[in-house]
Amino acid sequence: MAEPPVIVLERISRVYGTGEIAVRALDGIDLTVRAGEFIAIMGPSGSGKSTAMNVIGCLDTPSSGNYRFMGVEVAGLTRDQRALLRRHYIGFVFQGYNLLPRTSALQNVELPLIYRGRGRAERQKAALEALARVGLESRAAHDPGRLSGGQQQRVAIARALVGAPKIMLADEPTGNLDTRTSVEIMEMLRGLNREGGLTIVMVTHEPDMARYADRLIWMVDGRIARDEPTPGIA
């Protein structure tokens with residue numbers, strides 16, 4: 001039997017508020033993400049792309065519609081079950097890195113495994129392997145204050161990888177970086193996707209960064225206006 005898609009959104013809507021002040025952030029979107037895809041979501045401010053990311057990451061719940069993650073209907077899960085889903089199956093990378101400031105790179109990467117109850121030796125081994133995947137094993141003892149922005153984002157990517165997630169959600173992963181460093185981060189993400197088979201869904205406002213993905217979802221007013229292959233990198 002064929003493996004089910006990682007993500008299936010059917011007629012998903014998300015409405016904030018009621019009556020005349022209601023805001024329809026998502027308006028009946030359909031989206032399927034299969035294992036091994038690299039998808040970029042773009043759109044103007046207020047288009048719903050961040051809300052879509054939050055719904056996919058189980059950080060927010062839709063007002064209506066169906067969401068299946070690896071064949072499981074998310075609406076039927078409790079809050080604690082959704083937290084377990086995030087913890088075990090989804091890796092998050094954010095624009096602001098979200099690293100603990102006075103904590104080493106190694107300890108930052110270990111953090112998701114602490115929540116899973118893994119022992120210290122197992123955590124450290126897995127964290128060092130994740131740092132090696134992003135080329136930062138030599139910086140394991142450095143805290144974020146001694147790392148460049150690009151290195152901090154690499155640590156954040158290692159933290160997302162350490163639990164062997166089924167999908168990585170990257171929200172503006174190059175938003176705080178210069179052009180050269182942004183390209184380095186995108187080359188890394190593309191390598192994780194193509195060589196490691198990692199499924200990636202990325203929100204970005206930068207067309208040049210979206211080209212690293214294989215598929216572009218363009219959102220306008222809470223709806224998917226276009227779903228098409230990207231031009232790719234020359």
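Heavy-atom basis, side chains included; hydrogens, waters and symmetry copies ignored. All residue numbers refer to positions in the sequence shown, counting from 1.
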Please check this pair: side chain of [X] against backbone of [Y], looking for a donor-acceptor N/O pair closer than 3.5 Å.
X	Y	result
Asn193	Thr199	no
Arg123	Leu113	no
Gln151	Ser148	yes
Arg159	Tyr97	yes
Asp143	Ser104	no
Arg154	Val134	yes

Is it the case that [X] and [Y] place a side-chain donor and acceptor less than 3.5 Å from each other?
X	Y	answer
Asp60	Tyr16	yes
Glu206	Ser182	no
Asn54	Thr51	no

Would you give the length of the straight line joining atom [atom1] of [X] to atom [atom2] of [Y], rounded to the nearest 0.5 angstrom?
X	Y	atom1	atom2	result
Asp208	Thr174	CG	OG1	9.5 Å
Gln124	Arg118	CD	CZ	14.0 Å
Gln152	Thr181	CD	OG1	11.5 Å
Met168	Met202	CE	CE	11.5 Å
Arg102	Gln107	CZ	CD	12.5 Å

Are [X] and [Y] side-chain neighbours, meaning at least one heavy-atom pair lies under 4.5 Å?
X	Y	answer
Met188	Ile157	yes
Thr204	Met42	yes
Val55	Leu26	yes
Val183	Tyr212	yes
Val201	Ile7	no
Asp221	Arg223	no
Arg215	Pro229	no
Ile21	Val23	no

Under the criterion side chain to side chain contact (heavy atoms under 4.5 Å, CB included), I'd like the reasoning laid out for Leu77 against Leu85: C-alpha separation, chi angles, the key distance, then a yes or no. CA-CA 9 Å; Leu77 302 180; Leu85 187 155; 3.8 Å; yes
List for me each residue that meets salt bridge (charged side-chain N to carboxylate O under 4.0 Å, His left out) alongside Glu228, sequence neighbours excluded, and say none if there are none.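 Partners of Glu228 under the salt bridge (charged side-chain N to carboxylate O under 4.0 Å, His left out) test: Arg226.
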Indicate if [X] and [Y] have the same hydrophobic cluster label, given that clusters are the connected sets of ILVMFWY residues with side-chain heavy-atom separations under 4.5 angstrom.
X	Y	value
Leu147	Val93	yes
Leu136	Val109	yes
Met219	Met209	no

Quick one: side chains of residues 160-167, donor-acceptor pairs under 3.5 Å with protein atoms, not counting sequence neighbours, listed by atom name and distance.
none

Considering all heavy atoms of both residues, which atom of Arg87 and which atom of Arg116 are nearest to each other, and what is their separation?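 The answer is O-NH2, 2.9 Å.
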Mind listing the closest non-hydrogen atom pair of Pro173 and Val203 along with its distance? CD-O, 3.7 Å
Determine, for Glu129 against Arg133, whether the closest basic-nitrogen to carboxylate-oxygen distance falls under 4.0 angstrom.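 Salt bridge absent between Glu129 and Arg133.
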Check Glu187 with Arg190, please: is the shortest side-chain N to carboxylate O separation under 4.0 Å? yes
Report all side-chain donor-acceptor pairs from residues 61-73 shorter than 3.5 Å, counting only partners two or more places apart or in another chain.
| residue | atom | partner | partner atom | Å |
| --- | --- | --- | --- | --- |
| Ser63 | OG | Arg14 | NH1 | 3.4 |
| Ser63 | OG | Val15 | N | 2.9 |
| Tyr67 | OH | Ile56 | O | 2.6 |
| Arg68 | NH1 | Glu10 | OE1 | 3.3 |
| Arg68 | NH2 | Glu10 | OE2 | 3.3 |
| Glu73 | OE2 | Tyr67 | N | 3.2 |
| Glu73 | OE2 | Ala75 | N | 3.3 |

